[in-house]
Amino acid sequence: QVQLVESGGGSVQAGGSLRLSCAASGYTYSSDCMGWFRQAPGKEREGVAAFYTGVGTTYYADSVKGRFTVSQDNAKNTVYLQMNSLKPEDTAMYYCAAGHAAMPWWSRDEYKYWGQGTQVTVSS
């Protein structure tokens, strides 16, 4: 019933920008947390950013702070990840995830629903 669909990935050169979208359906925000994770081949899935819906609190991994911005359009049931000043190390499959009161926000175990992922490739 709950479905998350990411979009907006692609291939860009270093320094470029992308905006990822996560459209949610069948999900009531309440005090829920929408998280962005990424996973490169052979690497663990890591938290990138999170948005606590209802309260508007945002969190960012140190590696992306100042470059990425997470936001929400509640009317469209969509969360966004604006990615600026992209670096080759940002290359990964990016996933949107939904959980309730995720604590800590970066723990993948705190999220029940996951999108299919969207690929981001940053070249030098």
Side-chain angles (χ1 to χ4, degrees):
Q1 184 169 339
V2 175
Q3 187 175 37
L4 306 176
V5 180
E6 304 97 330
S7 62
S11 298
V12 298
Q13 293 184 342
S17 298
L18 287 172
R19 188 174 80 157
L20 306 184
S21 299
C22 175
S25 62
Y27 195 83
T28 302
Y29 287 157
S30 184
S31 59
D32 298 317
C33 181
M34 302 295 295
W36 285 99
F37 290 75
R38 66 186 182 187
Q39 186 169 23
K43 305 297 182 180
E44 291 188 358
R45 193 186 314 143
E46 63 176 350
V48 176
F51 187 103
Y52 275 80
T53 60
V55 295
T57 306
T58 59
Y59 300 92
Y60 299 94
D62 289 341
S63 60
V64 306
K65 194 171 298 182
R67 300 187 298 121
F68 291 10
T69 302
V70 64
S71 61
Q72 173 186 287
D73 186 337
N74 192 51
K76 297 181 179 179
N77 296 309
T78 302
V79 294
Y80 304 95
L81 184 67
Q82 178 67 45
M83 306 185 296
N84 298 326
S85 302
L86 284 163
K87 306 174 180 179
E89 51 262 45
D90 294 319
T91 296
M93 184 74 75
Y94 282 70
Y95 298 90
C96 177
H100 177 69
M103 184 62 66
W105 70 266
W106 44 260
S107 176
R108 67 182 72 91
D109 295 333
E110 298 296 315
Y111 296 85
K112 180 176 177 62
Y113 303 101
W114 295 82
Q116 84 286 357
T118 185
Q119 179 67 40
V120 171
T121 302
V122 185
S123 62
S124 300

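Please read all numbers here as calculations on a predicted model, not as lab measurements.
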Any side-chain heavy-atom pair from [X] and [Y] closer than 4.5 angstrom?
X	Y	result
C33	E110	no
V79	W36	yes
M34	L4	yes

Measure across [X] and [Y] and return the closest heavy-atom pair with its distance rounded to 0.1 Å.
X	Y	result
V70	T58	CG1-CG2, 3.7 Å
Q119	T91	NE2-CG2, 4.1 Å
C96	E6	N-OE2, 2.6 Å
T118	L20	CG2-CD2, 4.0 Å
L81	A49	CD1-CB, 4.0 Å

Write out all pairs satisfying salt bridge (charged side-chain N to carboxylate O under 4.0 Å, His left out) with one or both partners inside residues 53-66, taking only residues at least two apart or from two chains.
-> D62-K65
Any link between W105 and W114 through a network of hydrophobic side chains (Ile, Leu, Val, Met, Phe, Trp, Tyr) touching at under 4.5 Å?
-> yes
Are Y80 and V64 connected, step by step, through hydrophobic side chains (Ile, Leu, Val, Met, Phe, Trp, Tyr) whose heavy atoms are closer than 4.5 Å?
-> no
Could you work out, with side-chain hydrogen bond (donor to acceptor under 3.5 Å, both in side chains) as the rule, every residue matching [X], not counting sequence neighbours?
X	answer
E46	R38
S107	none
R67	D90

Determine the interplanar angle of the Y111 and F37 rings, folded into 0 to 90°, and report it as parallel if under 30°, tilted if 30 to 60°, perpendicular if over 60°.
-> perpendicular
Taking side-chain contact (heavy atoms from CB on, under 4.5 Å) as the test, write out the residues that go with W106, two or more places apart.
-> P104
By side-chain contact (heavy atoms from CB on, under 4.5 Å), which residues pair with A40, not counting sequence neighbours?
-> K43, A92
Distance in Å, F68 CZ paired with S17 OG, rounded so as to fall on 0.5 Å steps = 9.5 Å
Rounding to 0.5 Å, atoms OG (S123) and NZ (K87) come to a distance of 15.5 Å
Verdict with supporting geometry, L86 and Q13, side chain to side chain contact (heavy atoms under 4.5 Å, CB included) = CA-CA 8 Å; L86 284 163; Q13 293 184 342; over 6 Å; no
Kindly indicate, with the supporting measurements, whether the criterion side chain to side chain contact (heavy atoms under 4.5 Å, CB included) is fulfilled by E44 and R108.
-> CA-CA 10 Å; E44 291 188 358; R108 67 182 72 91; 3.9 Å; yes
Does the pair T69 and F51 meet the rule for a side chain to side chain contact (heavy atoms under 4.5 Å, CB included), with working shown?
-> CA-CA 10 Å; T69 302; F51 187 103; over 6 Å; no
